[in-house]
Amino acid sequence: MTDLERYRRTDRAQDVGFVFGALTAASLPGPGLLRLLGRLHMTESAARSTLAKMVRMGRLDVERHGRVGLYSLGAPLARRYRQIEGTATPATWSGSFHGLLHQVPESARWFRDRLTYYADFHGFGSLRPGVLISARAEADTVLGQLGEVPEGALVHRVKITPESIEEARGMAEATWDLAEVASRAEDLTARIRALRGSVELARRPADDAPLWDVFGQWNALYQQVLRVVLADPHLPAELLPPRWPVGAMFAELNRLNSRWGPTLQPFLRAQVEQAAPGLARYEPAPWERTR
C-alpha cells in the first residue's frame, strides 16, 4: 500500500503521461523521456523512480532494447489519456449502472483505500457508503487490480437498474457533483481561449528558449485539463445536464493544440531522437488526423 499512497500524492506520473500526449507517442526510449522530464523540473533520480513505480503499477509497459528501456502507456493510462485528449469513445446508456458493493473492516482500511483509488480511476463514484456505481462496465477491471480480498472484507459486483431515466439522472446527481464539473470546464475553456490569444509561437524561433517555455505552459495547462477529466464521470449523454460544457472545452483545447503543436512537436521529437535515435514510435497528431 505504501507505493499506492506515494503514487497518489505525486503529479510526476501526470508529467510522464503529458510527455506521451505532447509527442503523440506510442513508445518512447528512457533517455528521451528523462531529457523531457528534466525540462519539466524533475531530477533524473526522481524521473527514474517514477518510471519504475509506474511500471510496477501497470501504468507503463517497458521492453528492453539492449541497455535502453522502451516505454509505452499501459492500457488503463492509455484510456485515461484518450479522455484527456478528448478522443475517448462516449459511454452509452444501457439502462443500468454497474456497481460494486463493499464492506471492509477498519483492520483492512488499506484495502478500502485501494478499492476507492482504483474505482475512482476507472470512473466509479460513491452513491452512498459501501456502494460505488459507474455507467461503464469496469467492475472486473477494478477487481482485477485489487489483489486478494483480506479476511473480513466483502466486495460484490452488481447491476443497479433505475425504474426511469429521471431516476437514473437523480442517482447521477447524487453520486457526482456535475454542477462543479461544469463550472470547472467553463472556467478552463475561458483560460484556454485567453492563452491561445496571448501566446504566439513563431514557426522558427531564434533560439530554443521560447519553445521550452511553451512546453512548460502546455504541461501546466494539461494538468488543469486532467483535473477536469478526473472529476468528470464521463456519463452517457442521457444522464448529463443540458449544454454539458466539457465538449466545448476540448474544442477550444484542440484549437490551441493546432496552433502550438505543428511547431512544438517536431522540436520535442528531435530531442528524443538526439537522446536515443530510432527507437521512438509515434501516432498521428490530432491536428494531422483532421486534415
Transitive ILVMFWY side-chain link Leu279 to Leu23, under 4.5 Å: no
Side chains of residues 235-251: which donor-acceptor partners sit under 3.5 Å, not counting sequence neighbours?
none

What pairs of donor and acceptor atoms, side-chain ones from residues 178-189 against any protein atom, are under 3.5 angstrom apart with sequence neighbours left out?
residue: Glu180; atom: OE2; partner: Arg184; partner atom: NE; Å: 3.3
residue: Thr189; atom: OG1; partner: Ala185; partner atom: O; Å: 2.7

Aromatic ring proximity, centroids under 6.0 angstrom, Phe18 and Phe215: yes
Heavy-atom closest pair, residues Ala47 and Leu37: CB-CD1, 4.0 Å
Distance-only side-chain donor-acceptor flag, Arg114 / Gln145, under 3.5 Å: no
Salt bridge (Lys or Arg N to Asp or Glu O under 4.0 Å) partners of Arg193, counting only residues at least two apart: Glu252
pair Val19-Leu40: side-chain heavy atoms closer than 4.5 Å: yes
Gln224 CD: over 12 foreign heavy atoms closer than 6.0 Å: yes
Shortest non-hydrogen separation from Val199 to Gln217 and the atoms involved: CG2-OE1, 3.8 Å
Lys NZ or Arg CZ of Arg59 over Phe121 ring: under 6.0 Å, within 45°: yes
Hydrophobic cluster membership, Val62 vs Leu73, 4.5 Å side-chain cutoff: yes
Partners passing side chain to side chain contact (heavy atoms under 4.5 Å, CB included) against Glu148 (at least two apart in sequence or in another chain): none
His122 to Ser134 - nearest heavy-atom pair and separation: O-OG, 4.3 Å
Side-chain donor-acceptor contact under 3.5 Å, Gln265 with Arg269: yes
Check residues 150-157 and write down every donor-acceptor pair under 3.5 Å in which the side-chain atom is one partner and the other belongs to a residue at least two apart or another chain.
residue: Arg157; atom: NE; partner: Asp140; partner atom: OD1; Å: 2.7
residue: Arg157; atom: NH2; partner: Asp140; partner atom: OD1; Å: 2.9

Any His65 side-chain heavy atom under 4.5 Å of Glu63 side chain: yes
No-hydrogen, no-angle side-chain donor-acceptor test under 3.5 Å, Asn257 and Tyr222: yes
Throw together a table of side-chain donor-acceptor distances under 3.5 angstrom for residues 92-102, partners on residues two or more places apart or in other chains.
residue: Ser94; atom: OG; partner: Ser96; partner atom: N; Å: 3.4
residue: Ser94; atom: OG; partner: Ser96; partner atom: O; Å: 3.3
residue: Ser96; atom: OG; partner: Thr161; partner atom: OG1; Å: 2.6

Pair Glu44 + Arg48: basic N to acidic O under 4.0 Å: yes
Side-chain touch Thr116/Arg112, heavy atoms, less than 4.5 angstrom: yes
